[in-house]
Amino acid sequence: MVTSIPLSNGLHMPQIGLGVYLVTDVAECEASVKAALESGYRLIDTAALYRNERAVGRGIRASGVPRDEIFLTTKLWPSQYGPQKSRVAIDECLDRLDSGYVDLLLLHQPVGDVPSAWRALEDAVDAGKVRAIGVSNFRVDDLEKLLPTARIAPVVDQVELHPHWQQPALLPYLRQHGIVPEAWYPLGHGSRKLLGEPAIVAAAAAHGISPVQVVLRWHVQRGFVAIPKSTNPAHIAANLDVFDFALTDAEMAGIDALGTEKPMFRMPRWVMSVVMPMARSRPLP
Ligand SMILES: NC(=O)c1ccc[n+]([C@@H]2O[C@H](COP(=O)([O-])OP(=O)(O)OC[C@H]3O[C@@H](n4cnc5c(N)ncnc54)[C@H](OP(=O)(O)O)[C@@H]3O)[C@@H](O)[C@H]2O)c1
């Protein structure tokens, strides 16, 4: 039974979902979403940037799973931030997803006109187009700017998070403010170095499961939401099969000890500030 995490606005979010970043082939994306929902997933994570929202919508409909059983997330890119631009962009996301609402809408990056975009997200909640709003890649200093002016608080911060990068500065702040940490790169982007760590390999052998399942179970027990990406139906099914066993305290501590000083993915802030507000300004399909 897939566990869910309560969000600060009263909704519940499944702890494991399917991420579809870089799944740009329409048929492959649709098939992956359908396979995930058929094998029990109820959380799908896409973004305007991924250019696959239409395929996600088709996968949801092809699965036959009722829309109200699914927790659907999408994200606005900085080129879509602005008083009017964000309002239009939200309606376009709903149109591409062919859904009257999304469960969670995130600001993808903390650059550009964040205040106007956040107000548009709040208005979308009021209008019933969005059930919860949150952020992605926001650091403590970004949240310190947003929170005092927010009428509706962010429920999650989706960030790089895995045993090699455990966000030591951000996590205590998120806990303090009731913001759920959601892990992108939950498997370290499939890193062999991470999945080959002796503590992870030993736990896998002890439980008769794979290193990937150990890492996903670690996310669940740490209280995170994780959205592993896969287009392989066997991987998709296996990644959800992490709810009928538990890692011991010693195994959890062994994996906690793998944290390093630096994230796997690094982009200087100045590059982010210059490039991201302009990127992807061409019309989405
Ligand atoms: N907000 C952001 O800025 C941001 C940034 C990056 C990612 N994300 C989100 O996070 C999601 C996940 O990130 P990610 O895709 O970069 O990394 P990831 O989920 O950590 O790793 C994906 C890799 O692991 C492999 N994999 C998955 N399950 C496996 C299994 N059971 N056994 C062996 N290999 C397995 C996948 O290959 P196969 O397909 O062959 O299984 C793929 O190569 C994205 O799809 C996206 O939704 C968000």
Side-chain angles (χ1 to χ4, degrees), residues 1-6 12-23 32 35-36 38-45 71 136-137 156-175 179-266:
M1 160 94 179
V2 180
T3 51
S4 293
I5 291 227
H12 284 73
M13 183 169 188
Q15 277 193 272
I16 297 285
L18 180 76
V20 293
Y21 182 39
L22 299 179
V23 188
S32 302
E38 285 173 350
S39 62
Y41 284 69
R42 290 298 178 266
L43 165 62
I44 307 291
D45 180 272
F71 194 105
S136 178
N137 300 302
V156 308
D157 191 359
Q158 186 183 111
V159 292
E160 182 183 340
L161 182 57
H162 47 77
H164 276 170
W165 177 237
Q166 298 180 32
Q167 295 279 1
L170 182 66
L171 283 198
Y173 185 88
L174 295 184
R175 295 279 184 232
I179 300 170
V180 170
E182 183 179 10
W184 62 257
Y185 271 18
L187 308 174
H189 205 52
S191 153
R192 285 203 204 129
K193 193 169 165 220
L194 172 66
L195 297 172
E197 285 284 3
I200 293 173
V201 172
H207 293 273
I209 56 175
S210 70
V212 163
Q213 289 171 310
V214 169
V215 173
L216 293 174
R217 182 67 206 180
W218 173 85
H219 283 284
V220 168
Q221 288 183 219
R222 286 288 304 266
F224 307 148
V225 172
I227 43 170
K229 170 264 166 187
S230 182
T231 50
N232 175 325
H235 290 172
I236 290 172
N239 293 351
L240 198 68
D241 191 11
V242 296
F243 293 96
D244 61 357
F245 68 94
L247 299 173
T248 64
D249 290 347
E251 287 166 339
M252 286 296 290
I255 300 170
D256 289 346
L258 300 177
T260 61
E261 295 296 309
K262 291 190 179 130
M264 200 173 271
F265 181 85
R266 262 171 287 166

In this structure, are over 12 heavy atoms from other groups packed under 6.0 Å from Phe243 atom CZ?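 Buried by this count: over 12 neighbours within 6.0 Å.
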If you compare all heavy atoms of [X] against all heavy atoms of [Y], which two are closest, and at what distance to 0.1 Å?
| X | Y | result |
| --- | --- | --- |
| Gly17 | Pro228 | O-CD, 3.2 Å |
| Ser39 | Leu240 | O-CD2, 3.5 Å |
| Ser210 | Ala204 | C-CB, 3.8 Å |
| His164 | Leu258 | CD2-O, 3.4 Å |
| Gly254 | Ala199 | O-CB, 3.9 Å |
| Leu216 | Pro186 | CD2-CB, 4.4 Å |

[X] (side chain) donor-acceptor with [Y] (main chain) under 3.5 angstrom:
| X | Y | value |
| --- | --- | --- |
| Tyr41 | Ile236 | yes |
| His189 | Ser191 | no |
| Gln15 | Ala226 | no |
| Gln221 | Ala246 | no |
| Gln166 | Pro163 | yes |

Measure the [atom1]-[atom2] distance between [X] and [Y] for me, rounded to the nearest 0.5 Å.
| X | Y | atom1 | atom2 | answer |
| --- | --- | --- | --- | --- |
| Ile200 | Glu251 | CD1 | CD | 11.5 Å |
| Leu247 | Arg222 | CG | CZ | 12.0 Å |
| Tyr21 | Asp45 | OH | CG | 12.0 Å |
| His219 | Leu187 | NE2 | CG | 6.5 Å |
| Leu18 | Thr231 | CG | OG1 | 9.5 Å |
| Trp184 | Asn137 | CH2 | CG | 5.5 Å |

Flag side-chain contact, heavy atom, 4.5 Å: [X] against [Y]:
| X | Y | result |
| --- | --- | --- |
| Val180 | Met13 | no |
| Arg175 | Pro181 | yes |
| Val156 | Val225 | no |
| Val212 | Val215 | no |
| Phe224 | Val159 | no |

Applying side-chain contact (heavy atoms from CB on, under 4.5 Å) to Trp165 and Leu194, what does each step give before you reach the verdict? CA-CA 10 Å; Trp165 177 237; Leu194 172 66; over 6 Å; no
Does a side chain donor of either His207 or Gln213 reach within less than 3.5 Å of an acceptor in the other side chain?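 Short answer, no.
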Matching residue for Ile16 among Thr3, Val220, Leu43 - test: side chain to side chain contact (heavy atoms under 4.5 Å, CB included):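 With Ile16 as partner, side chain to side chain contact (heavy atoms under 4.5 Å, CB included) holds for just one option, Val220.
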